[in-house]
Amino acid sequence: MYVCGPTVYGDAHLGHARAAVTFDVVFRYLSFLGYKVRYVRNITDVGHLEADSDDGEDKIAKKAKLDQLEPMEVAQFFADSYHRDMQILNTLKPSIEPRATGHIPEQIKLVADILEQGLAYVTNGSVYFDVLKYNEKTKYGRLSGRVIEELLSGSRELDGQSEKRNPLDFALWKKASPEHLMKWDSPWSIGFPGWHLECTAMSSKYLGHHFDIHGGGMDLMFPHHECEIAQGNACNHLDPAKYWMHNNMITINGQKMGKSLGNFITLQQLFNGDHNVLEQAYSPMTIRYFILTAHYRSTLDFSNQALQAAQKGYKKLINGLRIARKISYVDDPNFPFDAGQVEQVQKSLGAAMDAMDDDFNTAQAIGHLFNILKKINSIYTGQLGASSFGREVFDTMIQTFDRFITELLGLVEEKLTEQEPLLNVLLQVYQEAKLARNYAKVDVIRAELKQLGIIVKDMKNKIDWAYEE
RNA sequence: GGUCGAGUGGCCGAGUGGCUAGGCAGAGCUCUGCAAAAGCUCGUACAGCGGUUCGAAUCCGCUCUCGACCUCCA
């Protein structure tokens, strides 16, 4: 599986998180099913130009000039911050994380191959892909449903200054101006590779000419992925990927969140609550949960209300996970085997897996997990017995619930305290005070713990704590 | 303008022909020193208008509204 990674010239935002979490779950689920998955996600550190695709300034070089840094310093800094953010979102590392600048010879080779096929041309030291010529044999635009005639009529006229023969042509290699910071020697000029080329070079190097899944954000479908398809076909006469998966956008007030619109919220801002649209900070797992409650192909609208609901939902699930790890099977004559209960649980367990099988529908799977959670909570509070389910179903339920949340969805407990043994001592004092009917003391302990985000749970025969939702 | 997609109960958000999605918020109940937690019950939603069908949120048509892509963006 190949997934388009970030261009490292700025902090990661909610949109990066959605892409990373979406494909993290794909990676996790396929691995869970027993597939051996090689997950390649690149880092773009050169060639990605601003504004007009082939005439703009390199994004990283621009940032470097602004901050008076080496471009590689910029790339390093933001690659590190991206890794930090993705790690706290609990995404697994890709198997290979190649960088564009580390694959310049491979890209030069590709340019030469495409030239040899007669599908590119050189102008003033730059090399462009000849889309019209390519289109004669292989249709360009199949992935995004575009027809070349329509694209041509919609595109603006060449201004005569352009080196391109046709506005749809895209750069494979660009000659660098003297002041350009990142440049390499090539047969055509001292320059740098075009943006679309790196993914073709790196995916084919590590996954071959025809691999299973290619992922990325929906905004990359055109033209980026179309160009990849064209490059792959030009060199290898094969579509690079069998399946293309695109995650949809995150919107804010119904509008796409994006760099160009300047309405994006970085992950650090979310974690700190440091942005004027944020009413509060939201934890990494809240963000992850929020992303998973929508199907990856749907747009997902950001709002404080939605995030707050996500926070409560996440904590409810995690409180359930703590309970699931605590309860064990006990034979209890008060709770005889109940075929109806068993059926409900098995139905939910099956449905949760079916949801994942059906295009990674995490939203639906989570819905079924909440139904299982009710059973687990009921067992814990004594409203149901483990023996109602029988040992086998009970064990399966607990194990599946746990693995589903932690291994498949990648949701883990955000510990508020590493002092759980101390907390338990305090709860013992609480219980003793309660038995002594010292309610003043009881209330104080309860209030103090609540301040720390911990809720005391009084049940019939026991006392426990939970994260405040 | 072209292409594509979406409109689901107070909010978020699954669901593509008949079977309770789920979460948040709200109401009631059980439990409880009081609470909380947990559980149970409830609201009877599918933009509008037509059509197909025994039956439609789900299919078809039209209308309205919103969005995405067509230029860099996850």
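Since the structure is predicted, the reported quantities are computational estimates derived from the model, not experimental observations. Proteins get letters first, then strands, A, B, ... in listed order; numbering begins at 1 in each.
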Exercise. Using a strict cut-off of less than 4.0 Å between a Lys/Arg side-chain nitrogen and an Asp/Glu carboxylate oxygen, indicate whether A/Glu414 and A/Arg288 qualify as a salt bridge.
Key: no
Quiz item: Distance only, no hydrogens: is a donor on one side chain within 3.5 Å (strictly under) of an acceptor on the other, for A/Tyr430 and A/Asp458?
Solution: yes
Quiz item: Side chains of A/Thr123 and A/Glu163: do they bring a donor and an acceptor to under 3.5 Å?
Solution: no
Quiz item: Does the side chain of A/Thr44 come under 3.5 Å of the side chain of A/Asn42 through a donor N or O and an acceptor N or O?
Solution: yes
Quiz item: Judged by atom type as modelled, is there a donor-acceptor pair below 3.5 Å linking the side chain of A/His180 to the main-chain atoms of A/Ser177?
Solution: no
Practice problem: Check the side chains of A/Gln305 and A/Ser303 for a donor-acceptor pair under 3.5 angstrom, ignoring hydrogens and angles. | Solution: no
Quiz item: Under the 3.5 Å rule, do the base of B/C4 and the side chain of A/Arg146 count as making a donor-acceptor pair?
Solution: no
Practice problem: Answer yes if the side chains of A/Gln268 and A/Asp85 hold a donor-acceptor pair under 3.5 Å, and no otherwise. | Solution: yes
Exercise. Decide whether A/Glu420 and A/Asn424 meet the rule of one side-chain donor and one side-chain acceptor closer than 3.5 Å.
Key: no
Self-check item: Listed nucleotide nearest any side-chain atom of A/Gln305, set B/A35, B/C11, B/A74
Solution: B/C11
Quiz item: How is A/Arg437 classified with respect to the nucleic acid when contacts are heavy atoms under 4.0 Å: base, sugar-phosphate, or nothing?
Solution: nothing
Self-check item: 5'-most by nearest nucleotide on RNA chain B - A/Tyr439 or A/Asn371
Solution: A/Asn371
Practice problem: Before accepting this row, confirm whether a basic side-chain N of the pair A/Asp24/A/Arg28 lies closer than 4.0 Å to the acidic partner's carboxylate O. | Solution: yes
Self-check item: Base B/G33 paired with A/Asn438 side chain (donor-acceptor, <3.5 Å)
Solution: no
Quiz prompt | Rounded P spacing from B/G7 to B/A57 in Å | solution = 15 Å
Self-check item: N-O pairing of A/Glu468 and A/Lys315 below 4.0 Å
Solution: no
Quiz item: So what does A/His246 touch, heavy atoms closer than 4.0 Å: a base, only the sugar-phosphate, or nothing?
Solution: nothing
Practice problem: Take atom CD1 of A/Ile250 and atom P of B/C12, then tell me their distance rounded to the nearest Å. | Solution: 15 Å
Quiz item: Please, what dot-bracket string fits RNA chain B when only Watson-Crick and G-U pairs with both distances under 3.5 Å count, crossing ones use [ ] and pairs to another strand use |?
Solution: ((((((((.[[[..)..(...]]].(((((.......)))))....[[[[[..)....]]]]])))))))....
Quiz item: Hey, is the main chain of A/Met218 close enough, under 3.5 Å, to the side chain of A/Asn248 for a donor-acceptor pair?
Solution: no
Self-check item: Separation of the C1' atoms in B/G39 and B/G61, to the nearest angstrom
Solution: 48 Å
Practice problem: Return the value, rounded to whole Å, for the distance between atom CD1 of A/Ile463 and atom C1' of B/U32. | Solution: 12 Å
Quiz item: For A/Gly15, which contact category applies under a 4.0 Å heavy-atom criterion: base, sugar-phosphate, or nothing?
Solution: base
Practice problem: Please tell me which of A/Leu300 and A/Cys4 maps to the more 5' nucleotide of RNA chain B, matching each residue to the nucleotide holding its nearest heavy atom. | Solution: A/Leu300
Quiz item: Just by protein heavy atoms under 4.0 Å, how would nucleotides 36-48 of chain B read 5' to 3' in B, S and -?
Solution: BSBBS--------
Self-check item: Listed nucleotide nearest any side-chain atom of A/Ala309, set B/C24, B/C34, B/G13
Solution: B/C24
Exercise. Provide, to the nearest angstrom, the distance between the CE atom belonging to A/Met218 and the P atom belonging to B/C72.
Key: 18 Å
Self-check item: Touch class at under 4.0 angstrom, heavy-atom based, for A/Val442 against every strand present
Solution: base
Quiz item: Ignoring hydrogens and angles, are the base of B/G13 and the side chain of A/Arg297 linked by a donor-acceptor pair under 3.5 Å?
Solution: no
Self-check item: Listed nucleotide nearest any side-chain atom of A/Lys347, set B/U20, B/A74, B/G15
Solution: B/U20
Quiz item: Roughly, in whole Å, what's the span from CE in A/Met221 to P in B/C72?
Solution: 15 Å
Exercise. Rounded to the nearest angstrom, tell me the gap between atom NE2 in A/His224 and atom P in B/C70.
Key: 13 Å
Exercise. Kindly indicate whether the side chain of A/Leu152, heavy atoms from C-beta on, has any atom under 4.5 Å from the side chain of A/Leu168.
Key: yes
Self-check item: P spacing across the pair B/U53 / B/U41, given as an integer number of angstrom
Solution: 39 Å
Practice problem: Taking atom P in both B/G13 and B/C54, compute the distance separating them and give it to the nearest angstrom. | Solution: 37 Å
Quiz item: Are any of A/Asn248's side-chain N or O atoms less than 4.0 Å away from OP1 or OP2 of B/A68?
Solution: no
Self-check item: Between P of B/U3 and CG of A/Asp219, the distance in whole Å
Solution: 22 Å
Quiz item: Of the nucleotides B/C69, B/A74, B/G13, which one has an atom closest to the side chain of A/Phe222?
Solution: B/C69
Practice problem: Side chain of A/Gln364 only, please: which of B/U3, B/A74, B/G15 is the nearest? | Solution: B/G15
Quiz item: Do the numbers put A/Arg146 on top of the ring of A/Phe222, so that NZ or CZ is under 6.0 Å from the six-membered ring centre and no more than 45° off the axis?
Solution: yes
Quiz item: Side-chain N or O of A/Ser298 less than 4.0 angstrom from OP1 or OP2 on B/A14?
Solution: yes
Self-check item: Length of the line joining A/Leu307:CG and B/G13:P, which is rounded to integer Å
Solution: 11 Å
Quiz prompt | Whole-angstrom distance between B/G51 and B/A56, as gauged at atom P | solution = 12 Å
Practice problem: Please measure how far the C1' atom in B/C19 lies from the corresponding atom in B/G26, and state the result in whole Å. | Solution: 28 Å
Quiz item: Looking only at atom C1', what distance separates B/C4 and B/U52, rounded to whole Å?
Solution: 26 Å
Exercise. Check whether more than 12 heavy atoms from other residues, nucleotides or ligands sit under 6.0 Å from atom NZ of A/Lys441, and answer yes or no.
Key: no
Self-check item: Nucleotide nearest A/Met249 when distance is taken to its side chain, options B/A74, B/C70, B/G13
Solution: B/A74
Quiz item: Say you pick atom C1' in B/A47 and the same atom in B/G67; how far apart are they, in whole Å?
Solution: 15 Å
N/O to N/O distances under 3.5 Å, protein versus nucleotides 25-29 of chain B:
{"residue": "B/A25", "atom": "OP1", "partner": "A/Lys312", "partner atom": "NZ", "Å": "2.6"}

Exercise. Send over the distance from A/Gln255 CD to B/A74 C1', rounded to a whole Å.
Key: 17 Å
Quiz item: Any donor and acceptor pair, going by atom type alone, linking the side chain of A/Asp169 with main-chain N or O of A/Val131 inside 3.5 Å?
Solution: yes
